[in-house]
Trainee: 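Please read through the structure below; I'll follow up with questions.
In the text below, chain A, chain B and the rest are named by the order of the sequence lines, each starting its count at 1. Predicted model, so just to flag it, every value in this text is computed and none were measured.
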2 protein chains.
Amino acid sequence: MAFTAKIKDSKVVKGIFEAVSSIITETFLDIDPDKGISMVAMDLSHICLVSLLIAKEDLDEFKADKKLKIAINLEDFVKIVKRANPQDEIVFKDDSAAKRFIIEMKPETAKKARRFTISMIDIDEERIGPESLEQLEFYNQTTFKLKFLDEAIKDAEIFSDALEIVADKNLSFSTNGNIGDMTYELEKEELISSDFTQKSEGIFGLEFLKNILKVSAVSTNVEMSMASDLPIKMVFDILNSSRIVYYLAPRTEDEDNDEDDSLYED
Amino acid sequence: MAFTAKIKDSKVVKGIFEAVSSIITETFLDIDPDKGISMVAMDLSHICLVSLLIAKEDLDEFKADKKLKIAINLEDFVKIVKRANPQDEIVFKDDSAAKRFIIEMKPETAKKARRFTISMIDIDEERIGPESLEQLEFYNQTTFKLKFLDEAIKDAEIFSDALEIVADKNLSFSTNGNIGDMTYELEKEELISSDFTQKSEGIFGLEFLKNILKVSAVSTNVEMSMASDLPIKMVFDILNSSRIVYYLAPRTEDEDNDEDDSLYED
DNA sequence: GTAAGAAGCC
DNA sequence: GGCTTCTTAC
C-alpha cells in the first residue's frame, strides 16, 4: 500500500469526479508525494482537455511513498463514489500488487467502512501533456461568477448547440439559430476582474460547456482566458489549493472536418 | 357477495401489491373468515416464493361467509390499485357468480366510489404450499433495518447481478465482478437482533432482491433466516398483525442449469 | 417551489 | 447508456 488519501467531505469528491467524468471516461491518476493527486486527460474527440489537481494540502490524510500512476475507468469509479452518503468520509488506497484501486467510505464515527475496489486498467500513456497548452498566450483574461455562464448556456440552448463568446470592451455570450438568437452581455462591473487587451471571439459547443459547468457543484467562480483561434481556458478553484482546468477547442467554420476541432494536430 | 374487505389506507394496499406483483404475476387470493386475506405463490422460474397475509385484525372491515379462493392476474390488479388516490379508502368484494373481483375506491367522506372489476382467471391449483418450507431449519437468524440491505444491493449492482450474503461472526454482503468488488459488513450493534449458530453463505440474484425490497414502502425491518444451501427466508411485518414472507433460492455454481435454482425438485 | 432521485423510454 | 418524465424530499 504505497498510497492512502482521505477526504472527509465526500460531497466534494462526488462533485469533482462527476464533473470530470462527464467528459473523460478513462484516465491516469497521478499520485505525487509532493503535490497530491492529479490527472490530465482529453475527451475521445480531442476537443476538450481536463486537468485536475487535488492538492495534498486539501487532503485530510495523505501518504505516498513514491510517485504512482494509476489508470482507471472514471465512469466506474464515479459509480462507486456516488454511493457515498453525504456524511461519509472517503479513503482512497492503492493495491498495486493486485492492480486494484480501493475506495472506502464510512461516517466519521463508524468503525467499519464499506469497501469497494476497482480494477486498474491498461491504457496508453497519454501522448501529450498540457505543457504545450500552458505555453499558449491569451490576450484576454477575466474572472466572474459561474452562474452567469450557466445562465448564458441555458439561454443559448433554446436556439442552437453552440455559444459564441466574445471578449472586447466587455464579455458577451451570444448565439443564433433558426428560431431566433440571443445575446447576453456582462458589463465590466459584473466581472470580478478583467484584463482585455485585444478583441477575441470563438464559438464553443454547448454540450461541452454544459458538462464543464457541472463543476459548479464544487466551485463558484471561473477564470477564463481567451484569444481568437485558441482553445478557451477555464480555471475553477476547488477546496483551498486545488483546481480543475479545462481547455476547450473552438468550433471552426469548416465543421465537416472534425479534425479541425482538435486541440492538437496529430 | 360472500366477501367484503375495506382498508382505509390505500397507500398500504398499493405498497403491498406493487411489491408482490413485481415477482408474482398470477395468484390465488385466499379469503378465510378466521384469518383474513392471504396468498402464496411462486415466480414463474420457481426461484422465489411469496407468502402474504393481511390479517383480518388489520382490515377496517371484513365480512366473509366462508372460505373463498379467487384467482386473479396480479399485474392487472395492481394497475387498478395504483389508480387510488392517497386519501382514498379501498374496498374489495367478490362477485363470484360473475367470476369477477370488485375494487372500489373513494375518499372516506365521499358518497360515491369509483368502481373497478377484474375478471377472475383460471389457474391450476398451486401444486405445493409453503408447508415444506416452513419445516426448514435455519442456523442463523437476524433482524435489522431494511435500509442496510437496500444500500448493500445498490452497492453491489455496480459490479454484478448477484449478492453474496454471509452470516458468521457478523452479517456481510459482498459481490465481485469485472470492474471490481465490494464488501459491506454489519456489526452486531447494527443488527436489531442476531442469533448466528453456524456460518452460512449464499449468493442471490439482485433482480429478485430489488423486487423484494419494494416492500420497504410498507415495512422498515427485515427478519432474515439463513442456512447454507437453503433458500433465504425474509419476513417483513406490515400493518400490525400482517406480514409478507419471501423464500429466495440461492444461485448455484452450475448456473447453466436453471432448474437447480428451483425451490422445489419437481 | 425547487432539486434530487427513481422509473420508464429511446 | 443517455434522456426524459415522474415522484419525493427539502
Trainee: For A:Glu189, what residues pass the salt bridge (Lys or Arg N to Asp or Glu O under 4.0 Å) criterion, not counting sequence neighbours?
Mentor: none

Trainee: Can you find a side-chain donor-acceptor pair between A:Thr117 and B:Asp181 that sits under 3.5 Å?
Mentor: yes

Trainee: Parallel, tilted or perpendicular: which fits the ring planes of B:Phe101 and B:Phe77, with parallel below 30° and perpendicular above 60°?
Mentor: tilted

Trainee: Suppose we call two aromatic rings close when their centres sit under 6.0 Å apart. Are A:Tyr246 and A:Phe236 close by that rule?
Mentor: yes

Trainee: Indicate the ring-plane relationship of A:Phe173 and A:Phe144, choosing parallel, tilted or perpendicular according to the 30° and 60° boundaries.
Mentor: tilted

Trainee: Dump every N/O contact between nucleotides 2-7 of chain C and the protein below 3.5 Å, one line per pair.
Mentor:
residue: C:dA6; atom: OP1; partner: B:Lys154; partner atom: NZ; Å: 3.2

Trainee: How many Å lie between CG on A:Leu206 and P on D:dC3, as a whole number?
Mentor: 14 Å

